[in-house]
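The analysis underlying the following values was restricted to heavy atoms, covering all of them including side chains, and did not include hydrogens, waters or symmetry mates.
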Amino acid sequence: MNRGLLFVVSMVMGCLAPGVSGNGHLSFANNTEVHITRTGCGLIKLCVETPEQCDPTGKTSCLFASIVTTAPSSPNGVDLLVELLGDSSGYIALGLTANETEGTSMVFICAQNRNGSFFFRSAQRNNPNNTISLTQRIVKNITGSVNGTVIQCKFSVPAVNATTRTSHVTTFTTFLAVGNVTNSMGIGDINIRLTNKPLNLADPTSNVATTSVPTTAVPTTAGSSALASQAVIVLLSVLMYRLS
């Protein structure tokens, strides 16, 4: 076999290698800078995190995601703009599902390789048995960085819908997870750290706790009632005296 043919065979085998092939559904942004904060949470973006109210810019561990929805896209669904940050020597993940106990979840994975470089994967979780497999879901404008064990990334997901109906349904159960990376950038078992109630991703306030302010009634005691009655009697007595 001549050198030219060996070169072609080597190139083909390289394209078929795990972690290299099948990534045409992922597109990366030119800007690699990522800086994720809580700014806009509950106002312009929906935020989920564990521990509760943790600061993604702080020094303590924080697994955090924010989601902004765009206008509905043709033929059916909305685009999601996602930020994801957390501590892991493997990967962090955001999951979206219409039913957490049945069917499947869309999973978006930001990860670091053994040499500390960033990579991204889209996946699917089988909800009943918690197994995960890679998918070819289109994800765009991916940016990501790794600093030690802190992984952060931003990306957009087009045409997302919680149902197959024609309406643009944006209510999902969300979860945050971590996991290990195996050889050749393989994705290990997924470990869910937080599962939220169903949230309307188009409503930034759907994950904001609302607390009603109780109305405080002025207490009335038996003693104060008795004093009031006596005061009325005295006043009437004075009036009757002046009229007599």
Handout entry: Any side-chain heavy-atom pair of N99 and T173 under 4.5 Å
Key = no

Exercise for the section: Could you tell me the separation between the CZ atom of R137 and the NE2 atom of H25, rounded to the nearest 0.5 Å? Expected result: 10.5 Å

Problem - Close side-chain approach of T149 to S88, heavy-atom, < 4.5 Å - result: no

Handout entry: Distance-only donor-acceptor check, side chains N127 and T97, under 3.5 Å
Key = yes

Problem - Non-hydrogen side-chain atoms of L80 and T70 separated by less than 4.5 Å - result: no

Completion exercise
Between the CZ atom in R121 and the CD1 atom in I142, the distance rounded to the nearest 0.5 Å is 9.5 Å

Problem - Co-membership, hydrophobic cluster, residues V68 and V34, 4.5 Å side-chain - result: no

Handout entry: Residues which pass ring pair (Phe, Tyr, Trp, His ring centres under 6.0 Å) with F120, listed by chain and number, not counting sequence neighbours
Key = F155

Exercise for the section: Tell me, yes or no, whether the heavy-atom count around N115 atom CG, taken from other residues, nucleotides or ligands under 6.0 Å, exceeds 12. Expected result: yes

Exercise for the section: Evaluate the side-chain proximity of P56 to R38: yes if any heavy-atom separation is below 4.5 Å, no if none is. Expected result: yes

Problem - Stepwise side-chain contact (heavy atoms from CB on, under 4.5 Å) check, C62 with D55 - result: CA-CA 6 Å; C62 183; D55 181 6; 5.9 Å; no

Practice task
Decide whether V48 and V157 are clustered together by the hydrophobic rule: side chain heavy atoms of Ile, Leu, Val, Met, Phe, Trp, Tyr closer than 4.5 Å, transitively.
Solution key: yes

Problem - Under 3.5 Å donor-acceptor, N126 side chain and T131 backbone - result: no

Handout entry: Side chains of L176 and L84 in contact at under 4.5 Å (non-hydrogen atoms)
Key = yes

Problem - Check: D79/S156 side-chain N/O donor and acceptor closer than 3.5 Å - result: no

Exercise for the section: Please report the shortest heavy-atom distance between T205 and G42, naming the atom on each side. Expected result: CG2-O, 3.4 Å

Handout entry: CZ-SG distance between F64 and C54, expressed to the nearest 0.5 angstrom
Key = 7.5 Å

Practice task
Identify the two heavy atoms, one from P51 and one from S61, that lie closest to each other, and give their separation to 0.1 Å.
Solution key: CD-O, 3.6 Å

Problem - Heavy-atom side-chain proximity of N113 to V181 below 4.5 angstrom - result: no

Please output the side-chain donor-acceptor pairs of residues 188-202 that fall under 3.5 Å, not counting sequence neighbours, one pair per line with the distance.
from	atom 1	to	atom 2	distance (Å)
N196	OD1	T174	OG1	3.2
N200	OD1	T170	OG1	2.5
N200	OD1	A202	N	3.1

Exercise for the section: Starting at CD1 of I92, measure out to CG of L63 and round the result to the nearest 0.5 Å. Expected result: 6.5 Å

Handout entry: L85 reachable from I109 in the ILVMFWY side-chain graph, under 4.5 Å edges
Key = no

Exercise for the section: Evaluate side-chain contact (heavy atoms from CB on, under 4.5 Å) for V82 paired with L94, printing each intermediate quantity in order. Expected result: CA-CA 9 Å; V82 180; L94 169 69; 3.7 Å; yes

Practice task
Report the C-alpha distance between I36 and K154 in whole Å, list the side-chain angles of each, state the deciding distance to 0.1 Å, and finish with yes or no for side-chain contact (heavy atoms from CB on, under 4.5 Å).
Solution key: CA-CA 9 Å; I36 297 174; K154 295 182 181 182; 4.2 Å; yes

Practice task
Check the surroundings of atom CG in N147: do more than 12 heavy atoms from other residues, nucleotides or ligands lie under 6.0 Å from it?
Solution key: no

Exercise for the section: First locate atom NE2 of H35, then atom CD of Q152, and finally report the distance between them rounded to the nearest 0.5 Å. Expected result: 8.0 Å

Practice task
Report the distance from atom CG of L81 to atom OG of S66, rounding to the nearest 0.5 Å.
Solution key: 9.0 Å

Handout entry: Closest contact, heavy atoms only, Q53 versus E49
Key = N-OE2, 3.1 Å

Practice task
Measure the shortest side-chain to side-chain distance between C110 and Y91 over non-hydrogen atoms and say whether it is less than 4.5 angstrom.
Solution key: no

Handout entry: Considering all heavy atoms, the nearest S122-L26 contact
Key = OG-CD2, 4.5 Å

Handout entry: Side chain to side chain, T50 and E52, heavy atoms closer than 4.5 Å
Key = no

Practice task
Report, as yes or no, whether the 6.0 Å neighbourhood of atom CD on E33 holds more than 12 heavy atoms from other residues, nucleotides or ligands.
Solution key: no

Exercise for the section: Given side-chain contact (heavy atoms from CB on, under 4.5 Å), test F28 with N141 step by step and report yes or no. Expected result: CA-CA 5 Å; F28 290 78; N141 301 314; over 6 Å; no

Handout entry: Under 3.5 Å donor-acceptor, K140 side chain and A29 backbone
Key = no

